[in-house]
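Take a look at the structure below.
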Protein chains: 2
Amino acid sequence: MSHTGAIKPASDVSVAPLTGEAENIDFEFIELLFFAYRDFISDPDAILDTSGFGRAHHRVVHFVNREPGLTVAALLETLKITKQSLARVLKQLIDSGYITQVAGPEDRRQRRLYPTERGRELALALARPQSRRIAHAFEGLDEGGRAVVKAFLSGMINPAARPGAPDKTG
Amino acid sequence: MSHTGAIKPASDVSVAPLTGEAENIDFEFIELLFFAYRDFISDPDAILDTSGFGRAHHRVVHFVNREPGLTVAALLETLKITKQSLARVLKQLIDSGYITQVAGPEDRRQRRLYPTERGRELALALARPQSRRIAHAFEGLDEGGRAVVKAFLSGMINPAARPGAPDKTG
DNA sequence: TCGAATATGTCAGTTATGTTGACATAAATT
DNA sequence: AATTTATGTCAACATAACTGACATATTCGA
């Protein structure tokens with residue numbers, strides 16, 4: 001393993017590393033985001049492995065805890081998945097007592113979602129290591145640094161869709 | 001839809017939004033990361049839908065372009081997936097002419113991976129919208145802001161494993 | 001009041017991407 | 001010559017997404 005460079009192997013082949021200089025493509029941050037998010041998600045994954053749930057359950061438990069009384073439609077809009085996808089994990093979470101459904105007080109077609117005490121504990125257990133990781137990443141940065149990162153991440157997010165836009169929940 | 005608060009539906013139910021205040025849990029950044037990464041990944045997804053490839057292909061094409069001559073073992077280590085997982089997408093990328101394999105010049109057991117011209121173009125096409133999104137998120141921030149975000153994202157990433165650590169490539 | 005629209009649920013089949021386990025081959029190392 | 005390493009491959013399986021179709025209860029609008 002002494003040499004490090006690439007050896008040209010054939011004709012229709014690119015041997016130079018793609019740095020993005022020619023087009024000013026920001027490969028550095030593309031990769032930082034990839035690795036940061038992968039490791040960020042690995043913390044709860046380890047916990048979920050134990051309980052038999054997956055990432056899909058994590059997301060549902062998280063948002064139901066953040067906004068108790070959420071309707072199914074609102075949850076679908078937040079997660080941007082289909083109702084058939086949600087149905088499976090939601091059913092498991094309800095059956096195992098992490099989430100309960102309550103008919104909407106004004107619109108009784110709605111099934112408003114609430115966490116049980118158990119669901120609240122799971123949400124906290126999953127969030128703890130992620131929050132610790134974030135705190136670690138902010139070490140050495142001041143309040144201004146926090147504001148900068150918040151501005152950056154906010155700028156990465158798509159503007160919210162107009163309330164009347166078509167959806168894929170059929 | 002006149003009321004906004006939650007109505008208490010039963011006994012074993014939490015009705016207050018989970019803010020994380022009690023434990024200082026940083027739900028704000030947990031969600032910022034979730035939405036930022038989801039939208040970040042949606043750009044290439046739209047392109048991939050057209051070509052019949054998926055995210056797994058994207059990652060392979062990306063890293064092979066970034067480091068032409070990469071060995072299969074190095075790629076597996078980077079992606080942290082099993083060789084059986086990689087095999088499927090890598091075969092498709094080779095068969096459709098985006099990547100070529102060349103026996104290692106010093107160790108002929110190795111299959112060093114190179115992008116073809118086509119593969120290089122795909123990598124660029126996938127990276128362009130992501131880079132644009134990053135540039136947009138940096139608007140209004142100076143060079144120091146860039147350094148702050150870089151420090152934050154780097155701090156989110158697990159330290160590299162020791163070179164002799166056990167793996168799951170069996 | 002009645003028909004249409006809405007909120008949700010469910011059945012059935014498919015796809016993408018990951019997993020484990022077992023085994024094969026060629027080349028390098030000891 | 002025997003073992004280890006780098007890679008490939010077959011088979012079975014799990015998760016989580018998808019599309020399409022249809023069912024039910026409730027609300028809303030003409």
Side-chain angles (χ1 to χ4, degrees), chain A residues 1-2 38 41-42 44-46 48-49 51-61 69-77 79-95 99-113 163-164 166-170, chain B residues 1-2 38 41-42 44-46 48-61 69-95 99-113 163-164 166-170:
Chain A
M1 276 302 200
S2 59
R38 192 190 56 186
I41 223 54
S42 74
D45 275 0
L48 292 160
D49 273 353
S51 65
F53 289 146
R55 286 180 194 176
H57 304 83
H58 179 189
R59 294 193 279 265
V60 172
V61 164
L70 198 66
T71 65
V72 170
L75 184 53
L76 289 174
E77 175 59 31
L79 298 176
K80 299 221 198 302
I81 58 173
T82 59
K83 62 177 175 179
Q84 297 90 334
S85 271
L86 176 60
R88 193 172 27 215
V89 297
L90 185 54
K91 190 175 192 328
Q92 292 171 339
L93 287 168
I94 290 167
D95 289 350
I99 288 179
T100 58
Q101 288 179 315
V102 178
E106 303 190 342
D107 185 338
R108 292 180 46 225
R109 291 171 303 181
Q110 294 175 342
R111 295 290 174 267
R112 287 178 175 267
L113 306 173
D167 68 283
K168 51 179 176 180
T169 43
Chain B
M1 276 300 204
S2 58
R38 192 193 56 186
I41 224 53
S42 73
D45 275 0
L48 292 160
D49 273 353
T50 315
S51 64
F53 290 144
R55 287 180 194 178
H57 304 85
H58 180 190
R59 293 193 279 265
V60 170
V61 164
L70 197 69
T71 64
V72 170
L75 183 54
L76 289 174
E77 176 58 31
T78 298
L79 298 175
K80 297 219 198 308
I81 58 173
T82 59
K83 62 176 175 178
Q84 297 92 331
S85 266
L86 175 60
R88 196 165 26 212
V89 296
L90 184 53
K91 189 175 192 327
Q92 292 171 340
L93 287 168
I94 291 167
D95 289 350
I99 288 179
T100 58
Q101 287 179 314
V102 178
E106 302 189 341
D107 185 337
R108 294 181 44 227
R109 290 172 303 183
Q110 294 175 343
R111 294 290 174 269
R112 287 177 175 267
L113 306 173
D167 68 282
K168 50 179 174 179
T169 44

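Chain letters run A, B, ... following the sequence lines, proteins first, then strands; residues in each count from 1.
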Would you kindly compare A:Gln101 and A:Arg109 by the position of their nearest DNA chain C nucleotide and give the one closer to the 5′ end? A:Arg109

side-chain N/O B:His57 vs C:dT17 OP1/OP2, d < 4.0 Å: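 It does, given that an N or O in the side chain of B:His57 lies less than 4.0 Å from OP1 or OP2 of C:dT17.
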
Just N and O in the side chain of B:Thr82: are any of them under 4.0 Å from OP1 or OP2 of C:dT19? yes

So which nucleotide from [options] ends up closest to the side chain of [X]?
X: B:Gln110; options: D:dA6, C:dG9, D:dT27; result: D:dA6
X: B:Ala56; options: C:dT17, D:dA16, D:dT7; result: C:dT17
X: A:Arg108; options: D:dT27, C:dT8, D:dC18; result: D:dT27

Protein-nucleotide distance ([X], atom [atom1]; [N], atom [atom2]), rounded to Å:
X: A:Leu70; N: C:dA7; atom1: CG; atom2: P; value: 14 Å
X: A:Arg111; N: D:dT24; atom1: CZ; atom2: C1'; value: 10 Å
X: A:Leu86; N: D:dT15; atom1: CG; atom2: C1'; value: 15 Å

Please give me the minimum heavy-atom distance between A:Arg38 and B:Thr78, naming the atom from each residue. NH1-O, 2.8 Å

Minimum heavy-atom separation for B:Gly54 to B:Leu48, with atom names? O-CD1, 3.6 Å

Check nucleotides 12-15 of chain C for protein N or O atoms closer than 3.5 Å to its own N or O atoms and list the pairs.
none

Tell me what A:His58 touches on the nucleic acid: a base, only sugar-phosphate, or nothing, going by heavy atoms under 4.0 Å. nothing

Under 4.0 Å, heavy atoms only, any strand: does A:Gln92 hit a base, just the sugar-phosphate, or nothing? nothing

Donor/acceptor link under 3.5 angstrom from B:Lys83 side chain onto base of D:dG8: yes

